Each structure stands twice: as C-alpha cells, then as structure tokens.
Amino acid sequence: MTTKSTIDEKAHRLMLIHFSQAMSVRDAVSIAKVHGLPGGTIDAIERKEHGFTLLQALEQRMIISNNSGIMNKFCQTLFDIRLDRLANMVKEAYKNNKVELTAKQNNPIIQNLPGPGHGGGGDVPMDCDPNDVSDAVLSELSGCIGNEWKQIATGHLGLKRYNVDQIEEENKRLRDKVTAAFVMWRGKNAGCAGVATLREILEVIDDVDGDAIKVLERHCNHVN
C-alpha cells in the first residue's frame, strides 16, 4: 500500500458525504464532544443538518482533511469512542484510494461481566493476550473499588475523560463501570496488562482499598 500523505480531494469529499449520511445525531454529538467543540456548535448539530454542521466545524479546526495523518488520528478517535462502523467507513474509503490508515479497533468494553463463581471460568476473552488479567479477576477487583474509579481511570490507567463519559453512559451499576474501566485499560495495553502490572499501578494510590490489593496479590500468587 502506498505511503502517500493525501488522497484526492474529490474522493475525500465523496467519503465525507457518505460519512455524513451514515451518522446519527447522537453519533455527531459524541464526535463533537470528544473533540471539544463549543456548546453552540453542539446545539446547532442537534437542531439542523447534523452531519454537515459537524463536518464543517471539524474542517474549520483541521480535525479532518484529506491528509492521511489527520484522518488516521480522527479515525482512531472514532474507534476509541466505539463508533467502529464510522471508523471502518473512513478506513475503507482511504484503502480504496490506496492509502492504508493504521487506526485500529480497541478490545470491546465488556458490560455485566460474571463475578467469581458465576460462570466464565476466569478465562481471558479470545481477543485478549492470555497473559493479561482475566475477566473474573477484574470483576472481583471491581467490587473493592468505589467512586474513586474515575480518578483512577484518568489519573493512573491512562483513560481519557471521554472514555469515562462513555463508560458512564453505557453502564448503570457502579461495579460495571469500574469493570469496564479496567477492561478498557487492558485493551489499550494488550500483552502488558497482567495481574502484577495492575497491582503495581494500584498499590501506590492512597485511595485504593487494601482489599483490592489483596485480590491482586492472591491472583499473583496463583500465577506464580
């Protein structure tokens, strides 16, 4: 695949037309928020032609263009906020113009994971590295974390504010929110997200309950 940095402007415009038609108002608002567009622009997106209004605002801020580097970053943000269908549309359009974007889908945020003794067998999902912390461990750990989870997520797990907003929107129970944050961290650090690594992250945080560290220490011993 070519390494050229732009695609034809006409092809880019055609892709934007299809992109605009494919997104819902909710999609457009999510994209606007994650890119920090002002409230007035978001109100306009909700009131009228949401796709056109959004894309116009993004182009004015050079968040999108026919430059592959810019669009790769935009595409990765779409994956990050779970708009995989739109992200893949962008990737396919560029691929058809012989430009390969490297943005990729994150491991899914898993909701309502079974707790220990409730199925799942403690296995790591098939799309996760077998050395990474399992669903069962994360579910057990999440029972030891309270409302401080958001500070842990953004301050220590490397998640963004929009990741936290997304998790809150998709999960109702506190425990599910905490689990989803850890699952997202695992997905972003696949192959390097073992029990010991997570213990090292959490044990230096003053607000983390000692029971959470004990859970990880116990499973570290099982691994060893």
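Bear in mind that the values here come from a model prediction, so they are computed numbers and not experimental data.
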Between M71 and Y94, does a side chain to side chain contact (heavy atoms under 4.5 Å, CB included) hold up when you go through it step by step? CA-CA 9 Å; M71 289 306 292; Y94 268 69; 2.9 Å; yes

What I'd like to find out is whether the side chain of N66 reaches to under 4.5 Å of the side chain of D8, using heavy atoms alone. no

In short, C75 meets A87 closest at the heavy-atom pair SG-O, 3.2 Å

S142 (side chain) donor-acceptor with L138 (main chain) under 3.5 angstrom: yes

Check: L78 and F19 side chains under 4.5 Å, non-hydrogen atoms: yes

Side chain D132, main chain G191, donor-acceptor under 3.5 Å: yes

So how far is it from I152 CD1 to W185 CH2, rounded to the nearest 0.5 Å? 12.5 Å

Could you tell me whether R85 and E92 have a side-chain N and a carboxylate O separated by less than 4.0 Å? no

Sidechain-backbone polar pair: H35 side chain, I31 backbone, donor-acceptor under 3.5 Å: yes

For A28 versus I45, what's the shortest heavy-atom pair and its separation? CB-CG2, 3.6 Å

Does L16 share a hydrophobic cluster with I70, counting links as ILVMFWY side-chain heavy atoms below 4.5 Å and allowing steps through other members? no

Beyond-backbone contact of L157 with L198, side-chain heavy atoms, under 4.5 angstrom: yes

Is there a salt bridge (charged side-chain N to carboxylate O under 4.0 Å, His left out) between K104 and D80? Walk through the geometry before answering. CA-CA 9 Å; K104 61 182 180 179; D80 288 346; over 6 Å; no

Would you check if there is a donor-acceptor pair between the side chains of D27 and S24 at a distance under 3.5 Å? yes

Test salt bridge (charged side-chain N to carboxylate O under 4.0 Å, His left out) applied to R13 and E59, step by step: CA-CA 11 Å; R13 289 290 162 194; E59 284 190 313; 2.8 Å; yes

For E203, is the CD atom crowded, meaning more than 12 foreign heavy atoms sit under 6.0 Å from it? yes

Is it true that a side-chain atom of N72 and a backbone atom of G69 form a donor plus acceptor pair closer than 3.5 Å? no

Measure the shortest side-chain to side-chain distance between I205 and H156 over non-hydrogen atoms and say whether it is less than 4.5 angstrom. yes

Side-chain donor or acceptor of R199 paired with backbone N/O of C220 under 3.5 Å: no

Within the structure provided, determine whether F182 and V133 are in side-chain contact (heavy-atom separation under 4.5 Å). no

Using every non-hydrogen atom in the two residues, find where Q105 and D84 come nearest and quote the distance to one decimal. NE2-OD2, 2.7 Å

So, are D165 and K33 salt-bridged, with charged N and O less than 4.0 Å apart? no

To the nearest 0.5 Å, how far apart are CG in L174 and CD1 in I145? 9.5 Å

Look only at the side chain of K150 and the backbone of V164, and say whether a donor-acceptor pair between them is shorter than 3.5 Å. no

Under 4.5 Å between side-chain heavy atoms, hopping through other hydrophobics if needed: is there a path connecting I17 to V90? no

Do the side chains of K177 and E170 get close enough for a salt bridge, i.e. N-O under 4.0 angstrom? no

Quick check: does any side chain N or O of S30 sit under 3.5 Å from a backbone N or O of R26, one acting as donor and the other as acceptor? yes

What closest approach, in Å, do V178 and G146 show between heavy atoms, and which atom pair accounts for it? CG2-O, 4.3 Å

Got Q56 and F52 here, is their nearest side-chain heavy-atom distance under 4.5 Å? yes

Before giving the answer on side chain to side chain contact (heavy atoms under 4.5 Å, CB included), spell out for E9 and H12 the whole-Å C-alpha distance, their side-chain angles and the decisive distance to 0.1 Å. CA-CA 5 Å; E9 181 66 23; H12 175 70; 4.2 Å; yes

Under 3.5 Å, is there a donor-acceptor pair between the side chain of N189 and the main chain of C192? no

Donor-acceptor pair, side chain of R161 and main chain of T154, under 3.5 angstrom: no

Sidechain-backbone polar pair: D176 side chain, K172 backbone, donor-acceptor under 3.5 Å: no

For a quick test of reading the model, state the closest non-hydrogen atom pair linking N97 to A11 and the distance between them. OD1-CB, 3.4 Å

Please round to the nearest 0.5 Å and tell me the distance separating atom CG of L58 and atom CG of L37. 5.5 Å

Shared hydrophobic cluster, M23 / L14 (ILVMFWY, side-chain heavy atoms < 4.5 Å): no

Under 4.5 Å between side-chain heavy atoms, counting indirect links through other Ile/Leu/Val/Met/Phe/Trp/Tyr residues: same cluster for M15 and M62 or not? no

Atom pair CD1 (I7) and NZ (K95), whose distance is rounded to the nearest 0.5 Å: 15.0 Å

Spacing of CG belonging to L141 relative to CZ belonging to R175, to within rounding of 0.5 Å: 9.0 Å

Are the side chains of N163 and M184 in contact, using a 4.5 Å heavy-atom criterion? yes

Membership question, hydrophobic clusters at under 4.5 Å side-chain separation (ILVMFWY): are Y162 and I42 in the same one? yes

Check this for me: does any side-chain nitrogen of one of D209 and K214 sit under 4.0 Å from a carboxylate oxygen of the other? no

CG on L54 to CD on E46, rounded to 0.5 Å: 12.0 Å

